[in-house]
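Have a look at the structure below before the remarks.
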Amino acid sequence: MKKYNHQEIELKWQKRWEESQVFQAQNGGDKKKWYTLVEFPYPSGAGLHVGHVRSYTALDIVSRKKRMEGYNVLYPIGWDAFGLPTENYAIKNKIHPQVATQQNIATFKRQLKALGLSFDWSREVNTTDPAYYKWTQWIFLQFFKKGLAYQKEMPINWCPQCKIGLANEEVVDGKCERCGTESTHKNMKQWMLAITKYADRLIEDLKTVDYLPKIAQQQINWIGKSEGINITYDIEEADEKIEVYTTRPDTNFGATFVVAAPDSDFVTKNLESFPKKEKVEQYVKDTNKKSELERIAEGRKKTGVFTGWSAINNLNGRLMPVYVGDFVLSGVGTGVVVGVPGHDLRDFEFAQAMDLEIIRVVKDSNGDDSEITKPEQVQESAGTMVNSDFLNGMDIHAATEKIKDYMEEKGFGKRIVNFKLRDWIFSRQHYWGEPIPIVHCEKCGAVPVPEDQLPLELPDVKNYEPTDTGESPLAAMTDWVNTKCPVCGAVARRETDTMPNWAGSSWYFLRYCDPKNNAEFASQENLKYFIPVDLYNGGMEHTTLHLLYSRFWHKFLFDCGHVPTSEPYQRRRSHGMVLASDGKKMSKSLGNVVNPDDIIKEYGADTLRLYEMFMGPFDEAIAWDPNAIRGIKKFLVRVYKLATQVTDEKNQELEKIIHQTIKKVTLDIDAMKFNTAVSQLMICVNALEKAKNVLQETFELFLKVLSLFAPHVTEELWENLGHKESIIKEPWPKWDEELVKDEVVKMAVQVNGKVRANIELSVTASAKEAQAMALTRENVLRNTSGKKMVKVIYVPGKIINIVVK
RNA sequence: GCCCGGGUGGUGGAAUCGGUAUACACAGCAGACUUAAAAUCUGCCGGAGCAAUCCAUGCGAGUUCGAGUCUCGCCCCGGGCACCA
């Protein structure tokens with residue numbers, strides 16, 4: 001037998017699989033479908049990361065198993081290729097981003113193919129392909145037609161380095177997610193997508209899908225639903241009203257002041273009328289000067305100024321001075337809060353800073369209703385109402401509902417549901433993205449590019465740099481920008497903003513169902529067959545970005561009747577990062593990057609795959625261990641050598657172990673516990689090796705199970721055993737429960753909970769038999785003699801515990 | 001501060017309807033083969049102790065015949081959110 005030559009074997013089988021097209025999914029048919037999806041990569045210049053290998057291999061294992069179980073499996077791949085890194089690379093190297101993209105894709109493709117992943121390459125998609133983004137633009141126009149894509153002049157998060165507007169989700173710690181520059185604000189007319197219209201359903205429908213709990217929870221927190229009430233107060237000194245939003249109207253008898261955000265509508269509108277106008281103006285100006293980071297750096301000290309006005313509390317007629325304070329956020333609720341310093345820590349701090357009265361209206365469970373003078377006394381979450389007229393004695397939750405009813409009845413309150421989620425800023429002032437297919441006409445306004453003129457292709461420009469005015473480089477392309485209005489024919493201008501890179505990835509899983517269709521984004525027939533995705537895997541970092549956005553797009557398309565389900569993904573899991581051996585993130589600058597090419601060359605793709613599955617729990621971050629991978633190679637060499645031990649001799653012990661292995665691996669893969677599946681394969685090989693002779697049938701069962709993890713070497717060994725058809729075509733083996741069971745087990749004998757001996761016993765033995773055998777052991781007798789036996793606990797197959805006194 | 005995870009040998013980790021803690025691997029040590037090394041194979045491998053035995057799953061209590069696993073109170077680490085009213 002030849003030595004295990006991984007390079008030769010792997011190239012041979014990769015070529016065969018490609019020629020035979022075994023991994024292509026059928027569009028429909030009698031077989032049940034299974035759709036496995038991995039997040040398609042951004043083809044960066046850095047090439048494939050070993051982190052990609054981890055999740056793609058895991059889902060490849062699931063896909064291969066499903067195929068062997070008889071499913072028509074769709075496991076596609078493509079390229080999410082629009083975006084800033086490529087644009088920056090293009091600027092730096094004076095190369096067209098499309099060319100750079102093509103080069104990077106070629107590298108990625110070669111690397112992915114070298115891993116033996118069972119992708120259906122005939123369905124490859126590329127978001128920068130006009131035939132693809134034609135439909136991204138088309139979907140945008142559907143949003144526009146339904147009024148869910150709209151323009152708004154607003155202060156947006158602005159990255160002065162990238163010269164680009166950022167969505168809230170792209171600002172991390174007040175900094176641009178990409179370059180780390182502190183983000184500022186800028187007023188710009190932006191395209192927006194009304195994701196907030198779907199906020200409720202994006203929470204509610206999580207109940208209908210199987211997402212990892214932490215993923216669902218993170219989305220719920222991000223959307224941030226709160227149920228409260230808007231209360232309107234009259235202003236004492238003027239014919240004005242002020243509206244506040246609160247989730248705790250139960251504490252309203254304890255309200256002693258009102259605070260409006262410096263940039264709230266209330267302040268903007270009434271600034272001129274405030275008796276203390278000058279001071280307020282100065283305060284608003286000072287606030288504007290401060291960046292968000294500065295405000296946070298100030299330690300959240302409460303500041304504010306009195307406007308000179310007071311609001312009248314409808315409940316008791318109390319006059320509540322109206323302040324302007326920057327701890328109130330204009331974007332939350334009405335941008336105005338009512339201050340209840342006894343029961344909200346922020347209000348308490350403000351009251352102390354401004355020397356305002358503090359009234360207790362909730363007592364705690366010990367009945368403490370003393371005066372509140374210290375922050376630790378501020379009681380926020382539970383208790384019983386006091387000093388609150390008709391609410392007295394009620395629990396705060398009951399009181400909340402009662403007073404909401406009361407306020408609505410009296411006409412000064414209105415129940416409101418609020419979300420933290422904001423509408424999605426959809427404009428980017430960049431070149432390398434999908435052009436937004438809109439024409440601006442002086443007479444007709446924003447007019448969609450007619451659908452039959454899609455795709456609206458990105459024109460070639462000389463310079464990819466954003467302009468200093470913040471406009472996209474497309475704005476400089478006068479030939480392209482100047483056009484005619486599709487409605488009235490008058491001179492008009494094209495929209496020069498492009499879409500964010502989240503656009504193309506919001507629907508790519510639909511395109512895989514029918515990637516060459518030029519009449520629709522995908523045929524209804526194919527969508528009905530393949531959608532929803534059965535298992536979708538991706539990184540936690542996409543939970544509040546891509547995952548939320550694509551759910552939103554899918555729901556919208558569902559409402560329009562273009563897709564068959566309201567949720568795109570039935571099951572969502574996530575993987576942990578692969579870190580460098582020093583425990584840090586792999587990065588070029590640290591020089592700690594592991595290149596899969598090197599690993600494949602030295603150890604082979606099968607070893608790399610198996611190692612990444614074995615290294616630790618799939619959903620946890622884990623450091624690369626250059627030593628451990630050698631152990632995996634050793635394991636595969638041993639498997640390879642096992643082929644020389646094949647005989648026609650039966651061995652019952654091995655039969656038991658192989659069935660235990662089939663069972664464990666089957667269940668572990670379903671639970672995505674790949675590391676323990678691999679360890680079972682190792683246990684199995686240890687046993688097969690020790691036995692010297694292995695029945696061919698047993699060895700073949702083992703190869704089938706291993707083939708998911710190490711497809712190349714198992715194909716080779718399978719063929720060496722005389723099989724003409726690929727192992728991929730074999731049905732997934734079933735285990736025999738009778739064979740899996742142990743009849744005789746080693747059991748521990750405990751005396752007072754401490755292990756004193758081991759006995760071998762049939763699992764069906766009675767308590768009496770077990771006890772009798774236990775008492776034959778010297779060590780058990782020594783620990784029980786002279787003592788009174790209180791009771792004996794016997795769990796068949798597990799343990800016997802003798803309790804003595 | 002709030003919401004998720006997690007803390008087990010020298011290392012990655014296994015075992016959570018409570019039932020022999022440390023499976024499987026890596027590293028290490030010893031031996032075989034070899035002139036030698038690599039590779040391979042065999043054995044050992046939580047701590048203390050001659051042994052019986054005792055002590056060990058972040059810390060402290062509790063429930064139980066029995067706790068890594070359950071309850072309560074802490075500490076630490078990672079991820080997410082954060083003046084959200």
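Each chain gets a letter, A, B and so on, in the order the sequences are listed, and its residues count up from 1. All values below were derived from every heavy atom in this structure, side-chain atoms included, with hydrogens, water molecules and symmetry-related copies excluded.
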Taking any heavy-atom pair under 4.0 Å as a contact, classify Lys746(A): base, sugar-phosphate, or nothing. base

Can you give me the N/O atom pairs linking the protein to nucleotides 11-13 of chain B at distances under 3.5 Å, or say none if there are none?
unit_1: G12(B); atom_1: O2'; unit_2: Met615(A); atom_2: O; d: 2.7

Assess whether one donor atom and one acceptor atom, taken from the side chain of Lys420(A) and the base of C81(B), lie less than 3.5 Å apart. no

Whole-Å distance between A85(B) C1' and His343(A) NE2? 15 Å

Please determine if Arg572(A) and Glu39(A) form a salt bridge, counting it only when a charged side-chain N lies under 4.0 Å from a carboxylate O. yes

Which is true for Ile793(A) with a 4.0 Å heavy-atom rule: it touches a base, it touches only sugar-phosphate, or it touches nothing? base

Within the 3.5 Å criterion, strictly below it, is a donor on Tyr283(A) or Thr303(A) matched to an acceptor on the partner's side chain? yes

Look at Arg415(A) together with Glu408(A) and state whether they make a salt bridge at an N to O cut-off of under 4.0 Å. yes

Phe614(A) ring center within less than 6.0 Å of Phe709(A) ring center: no

Using atom P in both nucleotides, what's the gap between G7(B) and U57(B) to the nearest angstrom? 13 Å

Given Watson-Crick and G-U pairs under 3.5 Å, RNA chain B in dot-bracket ([ ] crossing, | other strand) is (((((((..(((......[....))).(((((.......))))).(((....)))..(((((..]....))))))))))))....

With Thr543(A), which of Ile215(A), Asn221(A), Leu548(A) fulfils side-chain contact (heavy atoms from CB on, under 4.5 Å)? Ile215(A)

Does Asn779(A) have a side-chain nitrogen or oxygen under 4.0 Å from the phosphate oxygens OP1 or OP2 of U53(B)? yes

Side-chain N or O of Arg630(A) versus OP1/OP2 of A39(B): is the shortest distance under 4.0 Å? no

Taking any heavy-atom pair under 4.0 Å as a contact, classify Val803(A): base, sugar-phosphate, or nothing. sugar-phosphate

Would you say the base of C26(B) and the side-chain of Asn627(A) have a donor-acceptor pair closer than 3.5 Å? no

Whether Arg638(A) contacts U40(B) is assessed here as follows: a side-chain N or O lying under 4.0 Å from the phosphate OP1 or OP2. Is that the case? no

Which atom names give the shortest non-hydrogen contact between Leu345(A) and Pro375(A), and what distance separates them? CD1-O, 3.7 Å

Could Lys302(A) and Phe327(A) be counted as a cation-pi pair, given that NZ or CZ must be under 6.0 Å from the ring centre and within 45° of the axis? yes

